[in-house]
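One structure is given below, encoded as structure tokens.
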Amino acid sequence: MDNLSNYLILSAVLFSIGTIGVLVRRNIIVMFMCIELMLNAVNLTFVALSRHLGNLDGQVFVFFIMTVAAAEAAVGLAMFIAFFNNRESIDADDASLMKW
Amino acid sequence: MEINVAQLFATINVATIMPEIILSIMAMVLLLVNVFVPSKQKTYLVWLSLLGIIGAGFSAASGWGQNISSFSGSVVLDNFAIFFKLIFLVSAGLAVLISDQYMERENCNQGELYPLILFATTGMMLMASGTDLMTVFLGLELMSISLYVLAGFNRANLKSNEAGLKYFLLGAFSTGFLLYGMALIYGVTGTTRIAAIASSVAQMNSPLTNTMLGAGMLLIMTGFAFKIAAAPFHMWTPDVYEGAPTPMAAFMSAGPKAAGFAAFLRMFLVAFPMLITQWVDILWVIAVLTMTIGNLTALRQDNIKRMLAYSSIAHAGYALVGFVAANATGTTGILFYMLSYAFMNIGAFAIIVLVGKQGEPNGSVQDFAGLGTKRPVLAAVMSLFLFSLAGMPPTAGFIGKFYLFSGALEQGYVWLAIIGVLNSAASVYYYLRVMVFMYMKPSEEEFGWVTIGAPISLALVVAAAGSLIPGIIPSYILQLAQQAVKLI
């Protein structure tokens with residue numbers, strides 16, 4: 001029994017939720033969580049496809065994505081803290097010094 | 001499943017990634033040196049990182065013409081990769097040279113800056129070499145994560161902090177799209193090797209109507225368009241360039257843009273030549289949008305860093321014209337243009353570093369008023385960079401644009417070339433405006449007589465030579481670029 005399409009639909013839905021979340025929410029940490037949701041939707045896609053295709057490339061890719069996401073989170077959270085120290089806010093709308 | 005480890009190691013050829021190894025070891029050494037040498041002065045770090053950059057450059061250049069592939073075909077050292085590696089090393093070297101004086105003035109001369117620049121450069125080199133979606137992704141992220149930190153490096157400064165934050169959020173967002181595209185491509189073709197993707201697509205019955213393949217390609221295109229700051233994914237650029245420390249804005253405008261083009265070109269010309277009818281039309285629209293939006297918005301900027309940010313968007317558009325042509329002339333043009341752009345744009349930013357005041361209170365074009373009489377040499381060099389950016393002969397910018405647009409004409413994209421030339425003409429206005437301020441307006445306030453340190457003067461000399469000499473005698477670099485594009 002091949003459930004591939006179920007997994008692909010689920011990950012597409014997760015990815016869309018993540019994308020919409022980044023665009024709609026203004027709290028920087030929630031935005032970042034939505035980005036993580038997008039990355040995990042990608043991970044799910046890779047794993048499902050890897051299982052379906054019967055080769056391991058996709059699962060190896062997932063390891064790399066998880067590692068990179070962890071590094072990204074470390075840098076990102078440090079940056080959020082610096083931003084909070086400067087502005088006492090983590091609202092994306094407060095990042096408004098520069099506008100055209 | 002048994003794996004013969006000895007056999008596996010026999011397939012690894014370390015020479016393929018020697019430049020990356022040299023640069024990353026140098027970066028780690030710098031991190032340690034920075035901790036153990038208690039010195040307020042960080043100039044020695046500049047020379048050390050320059051040493052690493054030159055070493056990596058020699059190591060890369062020695063592989064010219066060999067075309068070696070290793071790590072089961074996931075990394076390659078061919079002429080294309082080497083040419084781009086040299087572009088990245090040039091921009092890293094110039095960025096390192098102009099950093100010291102700026103960081104000293106802004107009181108944030110932490111030693112971590114130099115290792116971060118080297119790590120970002122390592123990532124770019126991996127992107128240019130990567131022939132597997134995984135290596136491209138890893139290189140891209142190594143570059144991006146280092147750049148997020150570099151953009152927000154002056155973390156007590158509100159603008160720099162904000163620039164880092166915006167770059168981080170939007171960069172991570174775009175990575176999500178890129179990865180989803182890669183996942184879909186993997187699903188359709190069952191492989192992550194770029195060459196294998198190409199042959200798998202070639203065997204398909206109707207690749208043009210495969211929705212998953214098309215969607216994957218579009219998502220990857222979105223991810224790269226973000227990295228090279230092409231419209232409509234350019235929104236981050238002006239804010240990030242304005243807020244980031246000036247030398248880092250210079251670095252970001254030259255190196256990562258070229259890296260984006262390197263991976264973009266390799267991916268689309270090698271993996272998706274079957275779908276060229278699909279992606280060329282989209283790129284045509286993106287190129288026109290990028291050029292026009294970049295130039296028209298640059299016209300009304302007063303902040304000089306913001307102006308150069310919009311101008312860098314426009315320059316990505318010119319390079320995309322060569323991409324749309326997708327022939328030898330166009331791609332040669334991209335390689336040549338990216339190299340000369342690194343020289344002229346970092347040079348212009350170097351002058352901004354020298355003219356700016358501590359904290360960059362306004363950073364507007366007015367700061368340049370009277371420069372022509374007070375510092376004639378600086379003004380003359382700045383004029384050279386601006387002429388080159390505007391694409392006037394006999395500078396490198398002219399030759400680059402000439403090749404890009406003639407590539408488009410060869411393929412019959414007459415309108416694209418016309419729009420490009422018109423845009424180029426419009427851009428002269430805002431470049432010349434700076435020169436009008438330099439030579440025709442009296443300065444409103446007294447110039448501080450900044451001393452020009454040795455590193456930054458070296459950077460200025462190299463940048464000036466790099467934006468003038470290839471314009472007068474372009475044949476040598478053009479030959480190298482032609483050899484480089486032959487292999488992809």
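Side-chain atoms are counted along with the backbone in the values below, which use heavy atoms only and exclude waters and symmetry mates.
Per-residue counts of heavy-atom pairs under 4.5 Å with chain A were compared for G187(B), A163(B), G171(B); the largest is that of G187(B). For the set V149(B), L138(B), N161(B), I145(B), the count of heavy-atom pairs under 4.5 angstrom toward chain A peaks at N161(B).
Here the shortest heavy-atom pairing between N157(B) and N86(A) reads O-ND2, 4.4 Å. Among all heavy-atom pairs drawn from G176(B) and L39(A), the shortest one is CA-CD2, 4.0 Å. The two residues F15(A) and Y180(B) have their closest heavy-atom pair at CE1-CB, 3.7 Å.
By the neighbour-count criterion of 12 heavy atoms within 6.0 Å, atom CZ of F80(A) is densely surrounded, having more than that number from other residues, nucleotides or ligands. Residue R51(A) places its CZ atom among 12 or fewer non-hydrogen atoms of other residues, nucleotides or ligands, all under 6.0 Å distant.
A12(A) touches chain B through backbone and side chain together, each having a heavy atom under 4.5 Å away. Of the atoms belonging to L23(A), it is side-chain heavy atoms, and not backbone ones, that fall under 4.5 Å from chain B. Both the backbone and the side chain of L133(B) come within less than 4.5 Å of a heavy atom in chain A. For F61(A), the parts lying under 4.5 angstrom from a heavy atom of chain B are both the backbone and the side chain. Neither the backbone nor the side chain of T67(A) comes within less than 4.5 Å of any heavy atom of chain B.
Residues R87(A) and E162(B) have side chains in contact (heavy-atom distance under 4.5 Å, counting atoms from C-beta outward). Contact annotation: the side chain of F32(A) never approaches that of F173(B) to less than 4.5 Å [non-hydrogen atoms, C-beta and beyond].
For the pair Y186(B) (side chain) and L49(A) (backbone), a donor-acceptor distance under 3.5 Å is absent. Judged by distance alone, with hydrogens and angles left aside, the side-chain atoms of D57(A) form no donor-acceptor pair with the main-chain N or O of G190(B) at under 3.5 Å.
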**OP:** Check step by step if side chain to side chain contact (heavy atoms under 4.5 Å, CB included) holds for F83(A) and R155(B).
**Re:** CA-CA 8 Å; F83(A) 184 73; R155(B) 64 175 184 276; over 6 Å; no
**OP:** Kindly indicate, with the supporting measurements, whether the criterion side chain to side chain contact (heavy atoms under 4.5 Å, CB included) is fulfilled by F177(B) and M38(A).
**Re:** CA-CA 8 Å; F177(B) 286 101; M38(A) 289 165 69; 4.1 Å; yes
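Applying side chain to side chain contact (heavy atoms under 4.5 Å, CB included) to V42(A) and the options L179(B), T175(B), L184(B) leaves one that passes, L179(B).
Taken to the nearest 0.5 Å, the CG atom of L53(A) stands 10.0 Å off from the OG1 atom of T191(B). Rounded to the nearest 0.5 angstrom, D94(A) CG and L165(B) CG are separated by 11.0 Å.
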